[in-house]
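See below for the structure under consideration.
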Amino acid sequence: MNLSQLASSTGAPTTDHENVTHEFPNLIRVYKDGHVERLFGNETVPPGTDPRTNVQSKDVTINSDTGVSARLYLPPNTSPNQKLPLLIYIHGGAFCICTPFNPGYHIHMNNLSALANVAIVSVHYRLAPETPIPGCYDDSWESIQWAAKHVSGNGPEPWLNSHADFGRVFFAGDSAGANIAHNMAMRIADEVGPGGLTLNGIVLACPYFGGEEEDKLVKFLFPGYVGVDDSKIHCWKDPKLSGLGCKRVMIFVGGLDVLNERGRRYYEALKKSGWSGSVEIDETEGEDHCFHLFKPAGEKSVALVQKFVHFMKQT
């Protein structure tokens, strides 16, 4: 099962339009003139004060040349100069659809910020195929570096200067975003990371990791993809996995999710890699891929968010 098969499993109609050169059902159509039509994840909501949680949010530009940006979240009743844990969140969408501005992500971030009392940077990276993979990794890394500019309290964003505790930082993401979050945790250990930023843990919700076969969608979106030995995609096979740059990992999988096995394979690989940290995995029975984003008020979705919050509150 690859990303395109996952997307098409809902039976979305396709088109035989003569100008379409590539189509991945439920995700994208690519036309001869290069135009990309996104078939899901186009709805957006503005930032502001959430009437349900009183969490504040606003959008900021990270790179005006590329359009990389973020939506920031600040929990209610935050005192001036009160330091809060910082969550850097990376959205999913098969590397080619969705944004942090979608209703599902906005609701999820408001919930996490309010319940965990954390500041959040929800990253808006450029999408493939217009910006081929590894652009999403590079944009996410640039966003982390941008956040780290505020360690001294002299960065461009007042919320982070005043409220981000860079000794308590978490990365998280869902689906392809979970893949990116893992890669960021590898990169922060492998490169000279942002000064003064301490990564406490990562949360991977319904993570996408490549399996035993090449992924056709990834092959289209990622010109440099080298197949099943590509450690960015098939992360569980990475010979450097023991170098993951944090000490705690939380993995959520859905019992009915076709990617369930991928999350479990990563869990087992991480345990056997020689990595010195602790990893947990939690399965929600009877639920499908990223159910918590599509049914945020559901009992099982609420339970997942509570476990996510508990993970970040642990010392």
Side-chain angles (χ1 to χ4, degrees), residues 1 3 6-7 9 41 73 85 87-95 98 100 102 104-116 118 120 122-123 140 169-186 199-211 233-236 241 244 246-271 275 277-314:
M1 176 69 70
L3 280 179
L6 170 65
S9 63
Y73 295 83
L87 171 63
I88 298 178
Y89 193 91
I90 305 169
H91 72 82
F95 304 104
C98 297
N102 299 144
Y105 286 113
H106 188 61
I107 291 170
H108 190 39
M109 294 305 104
N110 280 315
N111 288 339
L112 288 172
S113 182
L115 293 172
V118 297
I120 299 176
S122 187
V123 176
S140 297
V169 177
F170 298 87
F171 297 166
D174 61 279
S175 195
N179 174 292
I180 299 172
H182 158 82
N183 276 280
M184 296 303 96
M186 293 296 296
L199 181 61
N200 292 51
I202 60 175
V203 179
L204 311 177
C206 301
Y208 165 72
F209 298 118
I233 302 298
H234 304 262
C235 307
W236 57 279
L241 192 57
L244 188 69
C246 63
K247 293 299 182 183
R248 298 170 54 228
V249 175
M250 183 75 215
I251 304 165
F252 293 106
V253 295
L256 300 180
D257 188 354
V258 294
L259 297 182
N260 181 306
E261 181 194 358
R262 306 288 181 84
R264 293 193 171 278
R265 185 177 291 164
Y266 173 87
Y267 168 76
E268 295 295 340
L270 189 57
K271 285 201 304 180
W275 175 64
S278 63
V279 56
E280 305 173 60
I281 190 165
D282 182 89
E283 178 175 316
T284 303
E285 294 183 0
E287 293 293 350
D288 213 329
H289 190 65
C290 292
F291 65 94
H292 60 292
L293 296 173
F294 299 110
K295 301 180 291 183
E299 181 180 349
K300 294 179 180 179
S301 299
V302 171
L304 183 149
V305 169
Q306 289 172 339
K307 292 171 184 175
F308 193 150
V309 168
H310 177 72
F311 179 83
M312 289 192 289
K313 285 188 172 183
Q314 290 177 304

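Everything numeric in this text was worked out from a predicted model, so none of it was measured.
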Rounded to the nearest 0.5 Å, what separation is found between the [atom1] atom of [X] and the [atom2] atom of [Y]?
{"X": "Asn102", "Y": "Ile107", "atom1": "CG", "atom2": "CD1", "answer": "10.5 Å"}
{"X": "Asn179", "Y": "His234", "atom1": "CG", "atom2": "NE2", "answer": "9.5 Å"}
{"X": "His292", "Y": "Thr284", "atom1": "NE2", "atom2": "OG1", "answer": "9.5 Å"}
{"X": "Leu112", "Y": "Phe170", "atom1": "CG", "atom2": "CZ", "answer": "12.0 Å"}
{"X": "Met250", "Y": "Tyr267", "atom1": "CE", "atom2": "OH", "answer": "9.5 Å"}
{"X": "Ser113", "Y": "Leu87", "atom1": "OG", "atom2": "CG", "answer": "9.0 Å"}

Just wondering, do [Y] and [X] contact through their side chains at under 4.5 Å, heavy atoms?
{"X": "Ile90", "Y": "Phe171", "answer": "no"}
{"X": "Val203", "Y": "Phe252", "answer": "yes"}
{"X": "Asp174", "Y": "Cys206", "answer": "no"}
{"X": "Val249", "Y": "Glu280", "answer": "no"}
{"X": "Cys235", "Y": "Asn183", "answer": "yes"}
{"X": "Leu304", "Y": "Phe291", "answer": "yes"}
{"X": "Val123", "Y": "Ile88", "answer": "yes"}
{"X": "Tyr266", "Y": "Leu204", "answer": "yes"}

**Prompt:** How would you list all residue pairs meeting salt bridge (charged side-chain N to carboxylate O under 4.0 Å, His left out) that involve residues 289-307, not counting sequence neighbours?
**Reply:** Asp282-Lys307, Glu287-Lys295
Looking only at heavy atoms, which two atoms of [X] and [Y] are closest? And how far apart?
{"X": "Ile251", "Y": "Gly263", "value": "CD1-O, 4.2 Å"}
{"X": "Pro207", "Y": "Phe209", "value": "CB-CE1, 3.5 Å"}
{"X": "Pro296", "Y": "Val302", "value": "O-CG2, 3.8 Å"}
{"X": "Gly211", "Y": "Arg262", "value": "N-NH1, 3.2 Å"}
{"X": "Ser175", "Y": "His289", "value": "OG-NE2, 2.9 Å"}
{"X": "Ala94", "Y": "Ala176", "value": "N-CB, 3.8 Å"}

**Request:** Take Gln306 and Val309, measure what side chain to side chain contact (heavy atoms under 4.5 Å, CB included) needs, and give me the verdict at the end.
**Result:** CA-CA 5 Å; Gln306 289 172 339; Val309 168; 5.6 Å; no
**Message:** For Tyr89, give me all partners under ring pair (Phe, Tyr, Trp, His ring centres under 6.0 Å), at least two apart in sequence or on another chain.
**Reply:** His108
**Message:** Run the side chain to side chain contact (heavy atoms under 4.5 Å, CB included) test on Asn110 and Tyr73 for me, step by step, so that the C-alpha distance in whole Å, both residues' side-chain angles and the decisive distance to 0.1 Å come before the verdict.
**Reply:** CA-CA 7 Å; Asn110 280 315; Tyr73 295 83; 3.6 Å; yes
**Request:** Might you work through the side chain to side chain contact (heavy atoms under 4.5 Å, CB included) test for Val253 and Leu259, ending with a clear yes or no?
**Result:** CA-CA 8 Å; Val253 295; Leu259 297 182; over 6 Å; no
**Asked** Between Tyr208 and His182, is a side chain to side chain donor-acceptor pair (under 3.5 Å) present by the stated rule, with each step listed?
**Response** CA-CA 10 Å; Tyr208 165 72; His182 158 82; over 6 Å; no
With distance as the sole test, does [X] use its side chain to make a donor-acceptor pair with the main-chain N or O of [Y] at under 3.5 Å?
{"X": "Trp236", "Y": "Leu241", "value": "no"}
{"X": "Asn200", "Y": "Val169", "value": "yes"}
{"X": "Arg264", "Y": "Ile281", "value": "no"}

**Request:** Check step by step if side chain to side chain contact (heavy atoms under 4.5 Å, CB included) holds for Phe95 and Ile233.
**Result:** CA-CA 11 Å; Phe95 304 104; Ile233 302 298; 4.2 Å; yes
